[in-house]
Amino acid sequence: MHEPSKSLDDLLNELNPQQREAVTAPPGPVLVWAGPGSGKTRVLTYRIAYLVLGLGVSPWNILAVTFTNKAAREMKERLGPLLGIRAENLTVGTFHAFCARFLRLEHTYHPFGQRFVIADTEDQRRLLKQAMEDVEVSDVIYPLASVHAAISRAKNEGIWPKGFPTSSPRQRTIARIYRRYQELLLASKAMDFDDLLLWAVRILEENPGVREKWAERYQHILVDEFQDTNMLQYQLARLLAQKHRNLFVVGDMDQAIYSWRGADYRNLERFQKDFPEARTIPLEENYRSTQHILDAALGVIRPLHRRPKRLFTRKGRGAKVTLKYVNNPYDEADFVIETLLALTRRGEARLGDFAIMYRTNAQSRVLEERFLAHRVPYHVVGTQRFYGRKEVKDLLAYLRLAYNPEDESSLLRVINVPPRGIGMKTLALLRNLARRMGSASGLVLLELARKPEAFRDGLSGRSRRVLMQFASLLAELVELGATLSPLALLDWVLENIAYRAYLEKESRTSEEFTQRWSNVEELRRLAGDYPAGGLEAFLEDVALVSDQDTLGDEGAPTLLTLHAAKGLEFPIVFIVGLVEGLLPHSRSTTQEQVDEERRLFYVGITRAKERLYLVVPESRWAFGEWEPLKPSRFLQDLPVEVLTGDVDRLFPQAVVRRRQRRKAAPMRPPVYRKGMRVRHPRWGLGTVVDVEDAGGDQILMITFTDGRTRPFLASMAPLEPVD
DNA sequence: GCGTGGGAGACATGT
DNA sequence: TCTCCCACGC
């Protein structure tokens, strides 16, 4: 237990004028435009410290929403020394984690009960598949992924099954699947990621008493990565902040890279409309990168802007950005590894200083292969690497069943793992029984364990015997789950299902077994962090882990996707696979999607502090032949003067001369001014009545022919000037 | 009635 | 490379 070590004045003196303005802004809505590396986290942290130490706000009344659990943990750690013991009363977490907690506390307002589980992607797919079978829709005509996307999109827009559009046959079909999917989730006492938000918002909207209670609790709300919030997340923040109006949001539209997951840039417009008195503060000094890196980044997003984004650094020009052409992904990996080894040998860097970023997870394979071949350690960021393993999922399914035996997904997953003679036939028997009793399979089994004689008619012979065996295991599991710590429970499971022997038998090689068993040990280590009674917390944390939460191993190079790199920084960054088809990805076809890919590149570049390497493979082995690749179009927008390496490959001399005359890629016109006439695809003709500059962008107020005035962000809104 | 093995297809990003 | 599905054998 420590007391604050710094005074408030000490803290404020550590800030630049823009940061200080944001941190000390009077209560009320605040919008901070934070360029990359501009000290955003520091501003959020110090803002909280300022609220507590400067304005006397109780930490109990503060809610800070971060993008990942890791960010939440770091924020709390940073606030510890500033606020002392009081930091523990803060609420810091992701939207999803907050909603899960909210929904457990307010369980009387929804039908899932207090002990609902969170459906992971696999559960969702499984239930969706079941739903499609139930309503007799073929997954050939309606691919699972597209149905899933449609339902998720609807949920993120706040649309329930009964509000789902029905104007086309396709929509009517998806509406039926959606309805059935929700029924199956409810029957499993499971919520998917979107449901957490959907239900939280619904409860707050429909119950003034609940809303009042929570709004009174959270008098100050701070939201990080505001550009990547979806509509429901914004609604949640708005509902909680409506009363006290102390909503402090931080974001950077140039780092908006999650629209495919429902993130909605219009939240900015919604914010401006709902909180017209909001103060806007840009953070323009970059403390992370050298000028060359920053110029490369600014060049890449220049075409997205009407006027240059302002970002500067005092770190000096630094090394030029290295552009490297290689034959193929193998040479690419070797280039990365050889460069990184050379720098480490010369003592210019340590292995932990490097990050290698790519567009798709599949690209990590060749890299890993070469790292292994060179015997260089590395670390891959991503939940699937660990939480996607069969052994981890199996064991977690047992723990989930202990917590909630109604969890059908988990039951189906482990009822025959290890094999205990329960196949399709026996399973169908059990599920029919459950359907007839209007109960979950797990509950039927518990009943069977308690009163075997009650099932004399429905079950017999072999099926009865094997189900009885599993039922008594389940009964014991549920009983122990209530008292044991997650680790003790996990060990009980391992012991009782002889999982080690099973894994040994399943593994084809002893190396494979060693690897898989080490995953089990890792899971034990994670479970060990939770006390008796901590099963709920453990399962919830595991369900909501983000890729970044799997960061670690600071002594080795980090391999990660560009998406996972958001919010991180590394002294030396390699971005590989900079070719058409990968970046922008071939599936990104519309202008908006390509713009998002461009921002993704920008995010990657701005992670680098000292050095940046951009690597272009010229071919790859695909579908049984070598496929020639074209350099990413985004490379064309790099300022030639910040580049070194294979620059002549990218810019033949003629182009260089032309570029030098022109200096840089053109920006996307126009710059908006008051009085300009514009057209919007939805609202029609309008007039710009107000323009506010915001971090290289413009916030426009536009009055349309319907007489309404609406706010827009110039770079994001689909506006067209009209002569 | 259940387990296993082989073949086919898939791979965007992720809470 | 991994996963899913189907067919076949015990």
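Reckoned from all heavy atoms, side chains included, excluding hydrogens, waters and symmetry mates. Each chain gets a letter, A, B and so on, in the order the sequences are listed, and its residues count up from 1.
- The distance from atom CG of L560(A) to atom C1' of dG14(B) is 13 Å, rounded to the nearest whole Å.
- The nearest whole Å value for the distance from the NE2 atom in H148(A) to the C1' atom in dT13(B) is 15 Å.
- Distance F386(A) CZ to dG14(B) C1': 18 Å, rounded to the nearest Å.
- F538(A) meets the ring pair (Phe, Tyr, Trp, His ring centres under 6.0 Å) test with Y530(A); sequence neighbours excluded.
- Taking the ring pair (Phe, Tyr, Trp, His ring centres under 6.0 Å) definition, one finds that Y502(A) meets it with Y499(A), sequence neighbours left out.
- For D192(A), the salt bridge (Lys or Arg N to Asp or Glu O under 4.0 Å) criterion is met by K155(A), not counting sequence neighbours.
- If you take atom C1' in dC11(B) and the same atom in dC6(C), they sit 23 Å apart, rounded to whole Å.
- Rounded to an integer number of Å, the gap from Y387(A) OH to dG14(B) P is 16 Å.
- In the region residues 355-369 of chain A, proximity to DNA chain B at under 4.0 angstrom, judged on heavy atoms, holds for R359(A), T360(A), N361(A), A362(A), R365(A).
- Between E597(A) and Q548(A), the residue anchored closer to the 5' end of DNA chain B is E597(A), taking for each the nucleotide with the nearest heavy atom.
- Stacking annotation: W260(A) is stacked on the base of dT13(B) (ring centroids less than 5.5 angstrom apart, interplanar angle below 30 degrees).
- Residue K566(A) is out of contact with every strand shown, counting any heavy-atom pair closer than 4.0 Å.
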*How does protein contact run along nucleotides 1-10 of chain B, one letter per nucleotide 5' to 3', with B for base contact, S for sugar-phosphate only, - for none, heavy atoms under 4.0 Å?*
SSSS------
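- Put simply, NE2 on H96(A) is 10 Å from P on dT15(B), counting in whole angstrom units.
- Following rounding to the nearest Å, D228(A) (CG) and dT15(B) (C1') show an atom-to-atom distance of 12 Å.
- T68(A) comes within 4.0 angstrom of nothing in the nucleic acid, heavy atoms only.
- Y258(A) comes within 4.0 angstrom of sugar-phosphate atoms only, judged by non-hydrogen atoms across all strands, and of no base.
- Scored by the side chain to side chain contact (heavy atoms under 4.5 Å, CB included) test, T91(A) finds L63(A), F98(A), R101(A), R217(A), Y218(A) as partners (sequence neighbours excluded).
- Once you apply a 4.0 Å limit to the heavy atoms of chain A, the touched nucleotides of DNA chain C run 5' to 3' over dT1(C) to dC5(C).
- In this structure, the salt bridge (Lys or Arg N to Asp or Glu O under 4.0 Å) partners of R104(A), at least two apart in sequence or on a different chain, are E536(A), E540(A).
- Summarising the geometry, the separation between NE2 on H585(A) and P on dG14(B) is reported as 12 Å, rounded to the nearest angstrom.
- Under the ring pair (Phe, Tyr, Trp, His ring centres under 6.0 Å) criterion, Y258(A) pairs with F67(A), W260(A), H563(A), not counting sequence neighbours.
- For K70(A) and dG14(B), the NZ to C1' distance is 16 Å, given to the nearest whole Å.
- Checked by atom type and distance alone, the side chain of E596(A) pairs as donor or acceptor with a backbone atom of S259(A) at under 3.5 Å.
- For T561(A), a side-chain nitrogen or oxygen approaches OP1 or OP2 of dG14(B) to under 4.0 Å.
- Applying the side chain to side chain donor-acceptor pair (under 3.5 Å) test to T68(A) and every residue at least two apart in sequence or in another chain returns nothing.
- Listed by chain and residue number, H110(A) satisfy the ring pair (Phe, Tyr, Trp, His ring centres under 6.0 Å) test with F116(A) (two or more places apart in sequence, or in another chain).
- Under the side chain to side chain donor-acceptor pair (under 3.5 Å) criterion, R238(A) pairs with Q235(A), sequence neighbours left out.
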_Verdict with supporting geometry, L399(A) and L395(A), side-chain contact (heavy atoms from CB on, under 4.5 Å)_ = CA-CA 7 Å; L399(A) 298 195; L395(A) 293 170; 5.9 Å; no
*Apply side-chain contact (heavy atoms from CB on, under 4.5 Å) to L562(A) and V603(A), showing your working.*
CA-CA 7 Å; L562(A) 288 163; V603(A) 167; over 6 Å; no
